[in-house]
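Bear in mind the structure is a predicted one, so any value in this text is a computation, not a measurement. Whatever order the structure lists them in is the order used to number ligands and atoms, beginning at 1.
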Amino acid sequence: MRYRPRNYRDENPEVFSQLVKNNPYMARVYDFPELLIPHPTPENFQQLWTNIIKETSGAAPSRKIHLEIGCGSGRYLIEWAQENQQDAFIGLELRFKRLVLAAKKIERQNIRNILLMREHGEFIDEYLPHNSIDCLHINFPDPWSKKTRRKHRILSTDFLAKMHPFFRPKGELRFKTDHLEYFETITDILKEIDTYKIAEHTADLHRSNYNENNILTEFEMLFKSKGNPPIAFLRAEAL
Ligand SMILES: C[S@@+](CC[C@H](N)C(=O)[O-])C[C@H]1O[C@@H](n2cnc3c(N)ncnc32)[C@H](O)[C@@H]1O
């Protein structure tokens, strides 16, 4: 069994009240039971996900399933979901405050096709079956720049191999980063393995033709306001 974060609220309320003093968002993640799962299990995921699927305007098999790993405060996820109301979206994030900010926006705008979970992207296989994801979005993942720390990167040869069976036919990975070395490493891996094909690729998204349809993330907006360094983007198809 893998480690799951403790549920102090239910298991040890005294410790929980101390933790909440330092980070009030630890309590606020419980305020959105219809759309945010603070302690996901395959069972509570399935319950909520079934509701979300019902709320989409699309029908299988044309309804697409999107997964964003590290969705932050949800800017990108929300805009994608609003533009594609026939599709269903899962956002995974670890930080309490970012989850609460995303959930507040989703609730305020009455968006019904997004489910948020406090979960590591690496464990999505516990929730979704093979052949279920149409689009995997990973934007500005932590680059773990130091060589000795690179094993912590979410995108890697192993992760791409693990995720491959979860894609539906024509499933795609969309990846943006400001970290050129990370981008080149993933580009090289994708070129090497024969299970993915790079369909779109640019080391300078904002000055490329792909920019027209680009949806900005919070981090991307921040970069734009701080001198607009080149942002790299690729879209790869799972074969
Ligand atoms: C640099 S931020 C980018 C946030 C957002 N994608 C954006 O572009 O504005 C990376 C985010 O990924 C989250 N994160 C890091 N590792 C993760 C993991 N293994 N699974 C899910 N989220 C993760 C972090 O908490 C953080 O909010």
Side chain, backbone, both or neither: which part of Glu122 has a heavy atom under 4.0 Å from ligand 1? side chain
Under the salt bridge (Lys or Arg N to Asp or Glu O under 4.0 Å) test against Glu218, which residue among Lys105, Arg95, Lys224 passes? Lys105
Please could you name the atoms of ligand 1 that Ile69 approaches to less than 4.0 Å, counting only its heavy atoms? 20 (N), 21 (C)
Report yes or no: does His120 have a heavy atom closer than 4.0 Å to ligand 1? yes
Is the shortest distance from a Lys or Arg side-chain nitrogen in Arg235 or Glu172 to a carboxylate oxygen in the other one below 4.0 Å? yes
For Glu218, atoms of ligand 1 separated by under 4.0 Å from a heavy atom: 9 (O)
Residue and atom name of the nearest protein heavy atom (relative to atom 17 (C) of ligand 1), distance in Å to one decimal: Leu94 CD1, 3.5 Å
Pairs under 3.5 angstrom only: tabulate donor-acceptor contacts from the side chains of residues 47-55 to other protein residues two or more places apart or in another chain.
from: Thr50; atom 1: OG1; to: Gln46; atom 2: O; distance (Å): 2.5

Counting heavy atoms only, which of Lys97, Arg75, Arg98 is nearest atom 26 (C) of ligand 1? Arg98
Is the shortest side-chain N to carboxylate O distance from Asp87 to Arg63 below 4.0 Å? no
May I ask you to check if Arg174 and Phe233 form a cation-pi contact, with NZ or CZ under 6.0 angstrom from the six-membered ring centre and within 45° of the axis? no
Specify the protein heavy atom at minimum distance from atom 15 (C) of ligand 1: its residue, its atom name, and the distance to 0.1 Å. Asp142 OD2, 3.3 Å
Got a salt bridge between Asp125 and Lys162, using NZ or NE/NH1/NH2 to carboxylate O under 4.0 Å? yes
Quick one: nearest non-hydrogen protein atom to atom 1 (C) of ligand 1, plus distance? Phe140 O, 3.0 Å
Residues 20-31 side chain polar contacts: donor-acceptor under 3.5 Å, at least two apart:
from: Asn23; atom 1: OD1; to: Tyr25; atom 2: N; distance (Å): 3.1
from: Tyr30; atom 1: OH; to: His39; atom 2: NE2; distance (Å): 2.7

Just to confirm my output: which protein heavy-atom neighbour is closest to atom 20 (N) of ligand 1, and how far is it? Gly121 N, 2.9 Å
Angle class for the Phe140/Phe223 ring planes (parallel below 30°, perpendicular above 60°, tilted otherwise)? tilted
Any side-chain heavy atom of Phe175 within less than 4.5 Å of one from Pro141? yes
Could you say whether the N/O atoms of Thr217 and ligand 1 ever approach to under 3.5 Å? yes
Looking only at distances, please establish whether an N/O atom of ligand 1 is found under 3.5 Å from an N/O atom of Gly70. yes
Residue and atom name of the nearest protein heavy atom (relative to atom 11 (C) of ligand 1), distance in Å to one decimal: Glu93 OE1, 3.8 Å
Below 4.0 angstrom from a heavy atom of Arg95, which ligand 1 atoms are there? Numbered from 1 as shown, please. 25 (O)
Polar-atom distance check: Phe219 versus ligand 1, any N or O pair below 3.5 Å? yes
Is it true that Asp204 and Arg207 have a side-chain N and a carboxylate O under 4.0 angstrom from each other? yes
Is the closest heavy-atom distance from Glu119 to ligand 1 below 4.0 Å? yes
